[in-house]
Enquirer: 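Take a look at this one; I'll ask things after.
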Protein chains: 2
Amino acid sequence: MQALRTAAALFYAKGVRAVGMEEIVETSGIAKTTIYRHFPTKDALVEAFLKQEDAEFWQQWDAAVASASSADAVLDALGDWIGARVERPGYRGCPQINVAAEFADPGHPARIVARRHKAEMLRRLEAICQSVGAKPTAQVAMQLALLIDGAFMSDGRLSMGDAAATLKAAFRRLTSPDRL
Amino acid sequence: MQALRTAAALFYAKGVRAVGMEEIVETSGIAKTTIYRHFPTKDALVEAFLKQEDAEFWQQWDAAVASASSADAVLDALGDWIGARVERPGYRGCPQINVAAEFADPGHPARIVARRHKAEMLRRLEAICQSVGAKPTAQVAMQLALLIDGAFMSDGRLSMGDAAATLKAAFRRLTSPDRL
DNA sequence: AAAAAACGATACCGATCGGTAGCGTGTTTG
DNA sequence: CAAACACGCTACCGATCGGTATCGTTTTTT
């Protein structure tokens, strides 16, 4: 669906509520009727947008981590990847969090996708913390998750320094198995 | 302005774009004419909302930190305060970040307030890192900022464990002046 | 008590919102 | 070749959007 790709780009760049269906029609060249044949409501389109973002996210995550040999190397690779992602021109924060900010209803279909996305991230971070031997596994994983989400929502502040270096240094300190 | 208080509550609970002026009128009992005499546009009202949130935030921050004697005690106090804040019922993330997610234009008056707010936070964290002797001062301050923003936007995930404990442990590890 | 400022109520504005109906044109599938 | 399907186009729907005009009433100030 070319309509979904266009909608996703507009939703991310301008915010979901700021983009009307007509704008998606004009930008994509797809008729409004056709869009509504594939997605019964705008909410469904937003949900599809987040699902697509989720899929691409883990795809890139896996690619970034693929060549890492050790668990520590995985963390470094993640730091590099996230740093580069945040510094990308046009980056405007985590789409899952952005949508959650726009739609207050926790039962909104898109919110459910966002929650699953963040749960999956925590799950993966816990696995990493496990193999790296970080002390209270669950707690350190949560700390890494907070750090990453904070990086996503830093609104360019992080880009002023070396984002990747900042993240990797924090990853190392938080996962180091030394003393209290 | 009672209208601002009502608007602030609605904006935070439902999202700015989800709240119409008419809803503010009905909820506050203030006539629409009166609101527009004090705030020329809705954007101005949103800006005032964030300015008010900013003021209250630092007021509470200062209060939370007031009784701390050492620099380390300041960090612990912040961890406790943020942990309690995030776990509060009806908490829906940092209003500054939420508004930034809703309004893509970086020049929006509310976005400027949000940027100043985050710059002020980084400034304060740098001062704390300075007095606690954290190694690359600016970098550690940024790491603390990311952690805090991540906590704000954790959407309840953090509340499932002990939020304050998770934050304080991370604060300690990130600011500890030891090796590497 | 008089003048000035603030407020409330109603009615309205054009624009846009998400969503639908109807109809014609291709394009695939059998 | 024919039947089914997918798409585009136009026009339209009621509702709501942010914002304004008008006017009478209340409250404050002097």
Side-chain angles (χ1 to χ4, degrees), chain A residues 1-52 95 98-114, chain B residues 1-52 95 98-114:
Chain A
M1 309 302 115
Q2 186 62 25
L4 176 55
R5 285 196 60 84
T6 302
L10 289 174
F11 283 163
Y12 182 70
K14 301 188 170 189
V16 173
R17 284 200 134 104
V19 174
M21 287 296 137
E22 317 248 22
E23 187 175 356
I24 298 176
V25 169
E26 290 160 10
T27 306
S28 68
I30 312 292
K32 191 188 277 192
T33 321
T34 306
I35 299 180
Y36 275 98
R37 272 194 203 104
H38 293 290
F39 308 96
T41 63
K42 187 187 182 184
D43 285 339
L45 188 54
V46 177
E47 179 189 13
F49 157 53
L50 283 198
K51 278 184 178 172
Q52 179 183 263
N98 284 345
V99 169
E102 288 201 76
F103 296 91
D105 177 16
H108 189 292
R111 289 289 302 274
I112 297 175
V113 175
Chain B
M1 307 303 112
Q2 186 63 26
L4 177 55
R5 286 196 58 87
T6 302
L10 289 174
F11 283 162
Y12 182 71
K14 301 188 171 188
V16 172
R17 283 198 136 105
V19 175
M21 287 295 137
E22 317 249 21
E23 186 175 357
I24 299 176
V25 170
E26 290 160 7
T27 308
S28 67
I30 311 292
K32 190 188 277 193
T33 321
T34 306
I35 299 180
Y36 274 97
R37 273 195 202 102
H38 292 291
F39 307 97
T41 64
K42 188 188 181 184
D43 285 339
L45 187 56
V46 177
E47 179 189 11
F49 157 53
L50 284 198
K51 279 185 177 172
Q52 180 184 264
N98 284 345
V99 168
E102 286 201 77
F103 296 92
D105 177 16
H108 190 292
R111 289 289 302 273
I112 297 175
V113 175

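Numbered from 1 within each chain, the chains take letters A, B, ... in sequence-line order.
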Enquirer: Remember a base hit wins even if backbone is also touched, and classify B:Val25 as base, sugar-phosphate or nothing at under 4.0 Å, heavy atoms.
Expert: nothing
Enquirer: If you check every side-chain atom of B:Met21, which of C:dG8, D:dC7, D:dG18 has the closest atom?
Expert: D:dG18
Enquirer: Within a 6.0 Å radius of atom CE on A:Met21, are there more than 12 heavy atoms belonging to other residues, nucleotides or ligands?
Expert: yes
Enquirer: Rounded off to whole Å, could you give me the CD1-to-C1' distance for the A:Ile30 and D:dA6 pair?
Expert: 11 Å
Enquirer: Could you please name the option among C:dG8, D:dG18, D:dC7 that lies closest to any side-chain atom of B:Lys42?
Expert: D:dG18
Enquirer: Can you tell me if the side-chain N/O atoms of A:His38 get under 4.0 Å from OP1 or OP2 in D:dA6?
Expert: no
Enquirer: Rounded to whole angstroms, how far apart are CD1 on B:Ile24 and P on D:dG19?
Expert: 11 Å
Enquirer: Please pick, from C:dG19, D:dG18, D:dG8, the nucleotide with the shortest atom-to-atom distance to any side-chain atom of A:Thr33.
Expert: D:dG8
Enquirer: Between A:Phe49 and A:Val113, is a side chain to side chain contact (heavy atoms under 4.5 Å, CB included) present by the stated rule, with each step listed?
Expert: CA-CA 10 Å; A:Phe49 157 53; A:Val113 175; over 6 Å; no
Enquirer: So if I take every side-chain heavy atom of A:Glu22 and compare against C:dG19, D:dG8, D:dG19, which nucleotide ends up nearest?
Expert: C:dG19
Enquirer: If I take atom CE in residue A:Met1 and atom P in nucleotide D:dA6, what distance separates them, rounded to the nearest angstrom?
Expert: 10 Å
Enquirer: With respect to A:Thr6, which candidate in A:Ile35, A:Ile30, A:Thr27 satisfies the side-chain contact (heavy atoms from CB on, under 4.5 Å) definition?
Expert: A:Thr27
Enquirer: Any heavy-atom pair between the side chains of A:Asp105 and A:Arg111 that's under 4.5 Å?
Expert: no
Enquirer: Nearest-Å distance, CD (B:Glu26) to P (D:dT16)?
Expert: 10 Å
Enquirer: If you find the nucleotide of DNA chain D closest to B:Thr41 and the one closest to A:Gly29, which residue's nucleotide is nearer the 5' end?
Expert: A:Gly29
Enquirer: Whole Å only: how far is the CZ atom of A:Arg17 from the P atom of C:dG18?
Expert: 10 Å
Enquirer: Which whole-number value in Å describes the distance from A:Tyr36 OH to D:dC7 P?
Expert: 16 Å
Enquirer: In whole Å, what is the span from the CD atom of A:Glu23 to the P atom of C:dG19?
Expert: 16 Å
Enquirer: Just N and O in the side chain of A:Thr34: are any of them under 4.0 Å from OP1 or OP2 of D:dA6?
Expert: no
Enquirer: Establish whether the base of C:dG8 is bridged to the side chain of B:Lys32 by a donor-acceptor pair shorter than 3.5 Å.
Expert: no
Enquirer: Does the A:Glu102 side chain pair with the main chain of A:Arg17, one donor and one acceptor, at a distance under 3.5 Å?
Expert: yes
Enquirer: Taking CZ from A:Phe39 and P from C:dT20, how many angstroms apart are they, rounded to a whole number?
Expert: 15 Å
Enquirer: Return the nearest nucleotide to the side chain of B:Arg37; candidates are D:dG8, D:dT20, C:dC7.
Expert: C:dC7
